[in-house]
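When a residue number appears, it is its place in the shown sequence, counting from 1.
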Amino acid sequence: MPGLARRRDQGFTLVELCVVLAVAGVLASIAWPSLQSQLQRGRRADAVTALMRVQLAQESYRAHHGLYSPQLLGLQGASSTRSSEGLYDIELVGDGPHRYEARAVARAGSVVAGDSACAVMSVQVREGVAEFMPSARCWNR
């Protein structure tokens with residue numbers, strides 16, 4: 001039976017497929033947290049951009065009026081109460097004519113709502129000196 005001895009191997013065995021799927025699963029489970037972390041960092045850029053826009057508009061307002069605006073509506077180019085991608089609500093807390101705090105609060109139900117460490121980001125400016133809260137990590141620095 002010479003024909004039976006020369007069997008042609010075609011395809012993969014079930015064991016080989018299971019091994020490949022197991023290795024792929026292990027690699028995916030290792031890579032997933034890193035991917036999620038990078039996506040969160042990218043989404044935080046929406047808050048950073050909105051807060052930087054408020055800070056720039058406040059400095060322009062201060063240059064023309066000698067003090068900071070107590071309301072977002074008074075700021076040219078930064079009067080929106082929502083970030084450009086709609087992930088954060090923007091608030092301005094006037095704390096006197098020479099200081100303010102601008103906050104970006106993650107919108108409930110949005111993809112950034114689960115970012116517990118950086119759900120509220122803010123820039124506090126006192127006498128022209130800015131402090132970025134809650135940490136440099138949230139600001140991608």
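One distance of note links OH of Tyr68 with NE2 of His98; it measures 9.5 Å at 0.5 Å rounding. Atom CZ in Arg103 sits 10.5 Å away from atom CE in Met133 (nearest 0.5 Å). Taken to the nearest 0.5 Å, the NE2 atom of His64 stands 13.5 Å off from the OG atom of Ser69. The distance from atom CG of Leu92 to atom OG of Ser122, rounded to the nearest 0.5 Å, is 11.5 Å. Note: Ser84 OG to Arg53 CZ = 6.0 Å, rounded to the nearest 0.5 Å. Between Arg99 atom CZ and Glu131 atom CD the span is 13.0 Å, to the nearest 0.5 Å.
Across every non-hydrogen atom of Val48 and Trp139, the tightest pair is CG2-CE3, 3.8 Å. Across Ala119 and Tyr88, no two heavy atoms sit closer than the pair O-CE2, 4.4 Å. Heavy atoms only, all atoms of each residue included: Ser29 and Pro33 are closest at O-CD, 3.4 Å. Minimum interatomic distance between Ala104 and Ile90 (heavy atoms only, all atoms of both residues): CB-CD1, 3.8 Å. Minimum interatomic distance between Met52 and Phe132 (heavy atoms only, all atoms of both residues): CE-CE2, 3.3 Å. Heavy atoms only, all atoms of each residue included: Pro134 and Ala117 are closest at CG-O, 3.7 Å.
In this structure the side chain of Gln58 never reaches within 4.5 angstrom of the side chain of Gln55, judged on heavy atoms. Residues Leu51 and Met121 form a side-chain contact, since some pair of their non-hydrogen atoms from C-beta on lies under 4.5 Å apart. Contact of the Val123 side chain with the Val54 side chain is not registered, since no non-hydrogen atoms from C-beta on lie closer than 4.5 Å.
For Gln124 and Tyr100, the side-chain atoms include no donor-acceptor pair closer than 3.5 Å.
By the neighbour-count criterion of 12 heavy atoms within 6.0 Å, atom CD of Glu16 is densely surrounded, having more than that number from other residues, nucleotides or ligands.
In this structure, Asp115 does not pair ionically with Arg43, as no charged nitrogen and carboxylate oxygen lie closer than 4.0 Å.
Without hydrogens or angle criteria, Asp46 side chain to Ser83 main chain gives no donor-acceptor distance under 3.5 Å. Distance alone, capped at 3.5 Å, places no donor-acceptor pair between the Gln40 side chain and the Val112 backbone.
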Review point. Should Val125 and Glu59 be marked as a side chain to side chain contact (heavy atoms under 4.5 Å, CB included) after you check the CA-CA gap, both sets of side-chain angles, and the distance that decides it?
Key: CA-CA 10 Å; Val125 178; Glu59 292 305 325; 4.2 Å; yes
